[in-house]
**Student:** 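Quick one: the structure is below, questions incoming.
First listed ligand is number 1; within each ligand, the first listed atom is number 1.
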Amino acid sequence: MIEKLHLYLIKPSQYDDDGYIVRHWRGVLPSNTLACLAGLTEDAVARKLLGETLKVKILLLDETVEHVPVKRICRSQRGEHTKTIVCLVGVQTNQFPRAADLAREFRKAGLTVMIGGFHVSGYLALLPEVPPDIQELIDAGVTIVKGEVEETWTDLLRDAVAGRLKPLYDFLNNKPDLYEKPVPVVRKEYLRKFVASNFGTLDCGRGCPFECSFCTIINVQGRKMRYRSAEHIAAAVRHNYREHGITFYFFTDDNFARNKSWEAIFDVLIRLREEEKIPVEFMMQVDVLSWKIKNFVEKARRAGCINVFIGMESVNTDNLKAAGKNQNHVDEYRQLMHAYQSREISAHVGYIIGFPGDTPDSIRRDLAYLIEHVRPDHASFFMLMPLPGSQDHLAMVRRGEWMHPDYNLYDSNHAVTVHPNLKDGAWEDVYLEAWRTFYSFENMKAVLQRTPQCNYWNNLIRFMWYKNSILTEGRHPMMCGYFRLKGRKNRRPGYPILSRWQYFRERVREIRAHLAGMARILFEMEELWLQTRHPTDAERRIVEELNKILAAARGQLKVADLQLAHLRAKVRFPSLRVPSKLHLLWAKWYPLLASSKVYTRADLDAYWQSARQRWRERRWFQISPFRVALNAFRDAQLFLMFWFHMARDH
Ligand code: B12
Ligand code: SF4
């Protein structure tokens, strides 16, 4: 009889283009599927549904931010009274090859292995036959679970403990009612692996009533909306705040606006914020018509929404029509943005590149329209891909069209089909160009200049994250983290393992390029901040006073007026005195030393560029160590000021 169960819930990662497992030192977004299944398991264990005496150890592993110790897990099943079950969870299409490799290794060691998530659920939702790669796993003894498991998780675990798992479970037509189901749980030790450990995830509901042809959600989670009880959500938010200090959530619902309980959920959040003083904030995903729902945007803001992700996909009507996205009306996009932005909610749009009618020129034209007329705060670009479970995929299978056989590439960052107008790398080029254009200095500056102070640092930090992901890491921001880690031996089967020396040389080169990239982005962000920062209270008071004087006196300013203005603004007016030699020297260097007097990085950047140039041309004697030290000091001081303001005001 089994007395002790090790239950490993593992979220697999993906391989990069060189075959290394994608893992970062710190992640950005924790996995909601892990939190969800941990919640279900903890509930089953607490209610002793797996047996009165069974001891269960639940272990969560997210391969995107930690190494999966395969050998240790394989060794954990020792003796006849201990069992190890490995669940590969939330497996998306681009993670399927990695999940399959892990599954094979665990099966070789005789462990019980199950795989679930969108890839297998989506594939088997629309296509009747089990494809060879999934069949191969079934043949190796892996159990495939199709659909959601809120109502069947305990039974599955019981079957697994008893050793009577079936090869395939199909719960697609048994969609759980989420109302009273255990909510996803937050584990502090897991959140420590992410940049912000006050960040939680929660799916308040599932499903979407629309019918976009590239979407898998409607064919897996359905078009009928299901939702959790508002009181359960309130209890979870309260508990997470008191126990773990969670103050920010990503509500992962694909379309929060169509959650029939949106108002009740907003009301409980408003109560938590206004009566219980729990400072919770969140971001959510909605459709383009959401702003028309009576009270939706107003209540969202009061409930703590600071960021909204909108499935805009295109500003080109033909593209929208081709994708069955009939709810999107381009002529209303500006109003949509205004509805959210005017209530201090940042608007982030999802935008697809590579619809069938797209050409490089049409994409550039549309992008200019997006930036100049629609004016979102942020945009995420995706290359169109036929995900198994979408109508697009089904149609291509039926037409017998070519799709890339390697699922590892289905991450919206690679071209996986043949595009009639975007051949020979043109698709990737224009996709990257879209990122660079949207996150150009000019557009980021324009966005920050119109951003209200309460969202200023949120927007700037997101710029930093997005630019770092795309330019330094070369990855989609939603699949990225901070500082890439690579295990020498953690390579996709078929790729060579480098010698220690080769690997070391490669890594040093990469890390150097990486740090240089990060520094470039940091400098760009500093300059953005200097050019767009909101004035301090003292600066604002001075500007107000000066404006008053200018309006009144137009050209007849007296020193006394200025002195009076400084007095009223409660800021010291520089006293007049005969300049001494020492004073002149101080006046010369002071602006260099006081970052509060720095309004641009332009002179610093120009200095470093000329110093680098001289270094390259071996004119070393022309580089003054004194100026290098001084400018390094100024740079360090500016950096500290930047982080100080970010930490204080964010
Ligand atoms: C939130 C979200 C994200 C977030 C965070 C993901 C996260 N780490 O939590 C972010 C923004 C980072 C993200 C990124 C991406 N995402 Co996403 N994301 C979602 C979203 C909206 C919600 C995920 C969620 O929490 N669902 C709720 C959980 C509970 O559902 P679930 O994972 O399906 O799990 C249930 C069942 O499947 C089952 N189950 C799952 N695993 C297992 C395992 C076992 C053993 C068993 C028995 C059962 C089981 O039980 C669960 C409870 O019922 C989904 C859509 C959706 N509605 O799910 C898209 C979705 C998963 N994402 C998708 C995609 C494509 C991406 C990106 C590739 C997009 C991109 N280019 O950036 C990246 C990939 C990132 C990565 N490496 O994971 C696709 C995946 C489709 C596919 N076939 O691959 C989806 C379905 C959306 C879509 N467009 O169709 N995503
Ligand atoms: S609106 Fe979004 S979630 Fe709904 S069907 Fe379209 S793509 Fe899918």
**Student:** May I ask you to check whether over 12 heavy atoms, not counting those of Lys57, lie within 6.0 Å of atom NZ?
**Tutor:**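 Incorrect, the count does not exceed 12.
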
**Student:** Would you confirm whether any non-hydrogen atom of the protein falls under 4.0 Å from atom 87 (C) of ligand 1?
**Tutor:**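 For atom 87 (C) of ligand 1 the answer is yes, since some protein heavy atom falls inside 4.0 Å.
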
**Student:** I'd like to know if the side chain of Tyr15 pairs up with that of Asn94 as donor and acceptor (distance under 3.5 Å, no hydrogens or angles considered).
**Tutor:**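 Asn94 and Tyr15 do not have a side-chain donor-acceptor pair below 3.5 Å.
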
**Student:** Answer with yes or no whether Thr201 contacts ligand 1, where contact means a heavy atom under 4.0 Å from a ligand atom.
**Tutor:**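 The answer is no: ligand 1 sits nowhere under 4.0 Å from a heavy atom of Thr201.
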
**Student:** So, 2.8 Å as the limit: is an N/O/S atom of Cys212 located closer than that to atom 6 (Fe) of ligand 2?
**Tutor:**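 Of the N, O and S atoms in Cys212, at least one lies under 2.8 Å from atom 6 (Fe) of ligand 2, which means yes.
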
**Student:** To check your reading of the model: name the closest protein heavy atom to atom 4 (Fe) of ligand 2, its residue, and the distance in Å.
**Tutor:**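 I find the closest protein heavy atom is Cys208 SG, 2.2 Å.
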
**Student:** Can the positive tip of Arg491 be found less than 6.0 Å from the middle of the six-membered ring of Tyr20, inside 45° of the ring normal?
**Tutor:**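 Yes, a cation-pi geometry holds between Arg491 and Tyr20.
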
**Student:** Under 4.0 Å, counting heavy atoms only: does Leu37 come that close to any atom of ligand 1?
**Tutor:**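 A heavy atom of Leu37 does come that close to ligand 1.
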
**Student:** Nearest to atom 58 (O) of ligand 1, what protein heavy atom do you find, and at what distance?
**Tutor:**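 Sorting protein heavy atoms by distance from atom 58 (O) of ligand 1 puts Phe118 CE1, 3.2 Å first.
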
**Student:** Contact between Gln285 and ligand 2, counting heavy atoms under 4.0 Å?
**Tutor:**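 For ligand 2, residue contact (heavy atoms, under 4.0 Å) with Gln285 is absent.
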
**Student:** Below 4.0 Å from any atom of ligand 1, is there a heavy atom belonging to Val149?
**Tutor:**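 It does, in that a heavy atom of Val149 comes within the 4.0 Å cut-off of ligand 1.
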
**Student:** Among protein heavy atoms, which lies nearest atom 2 (Fe) of ligand 2, and at what distance?
**Tutor:**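 So the nearest neighbour among protein heavy atoms is Lys325 NZ, 3.9 Å.
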
**Student:** Which residue and non-hydrogen atom of the protein lie closest to atom 56 (C) of ligand 1, and at what distance in Å?
**Tutor:**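 Closest protein heavy atom to atom 56 (C) of ligand 1: Asp254 OD2, 3.3 Å.
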
**Student:** With a cut-off of 2.8 Å, does Cys215 place any N/O/S atom under that distance from atom 8 (Fe) of ligand 2?
**Tutor:**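 Given the 2.8 Å cut-off, Cys215 counts as a ligand of atom 8 (Fe) of ligand 2.
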
**Student:** Tell me whether ligand 1 is touched by Pro184 - counting only heavy atoms on the residue side and a distance under 4.0 Å.
**Tutor:**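 False for this residue.
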
**Student:** May I ask you to check whether over 12 heavy atoms, not counting those of Arg164, lie within 6.0 Å of atom CZ?
**Tutor:**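 Correct, the count exceeds 12.
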
**Student:** Are any of the heavy atoms in Val220 under 4.0 Å away from ligand 1?
**Tutor:**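 Val220: no contact with ligand 1 (<4.0 Å).
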
**Student:** For ligand 1, indicate whether the residue Leu88 contacts it via side chain, backbone, both or neither (heavy-atom separation under 4.0 Å).
**Tutor:**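 It is the backbone that touches ligand 1; the side chain stays farther off.
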
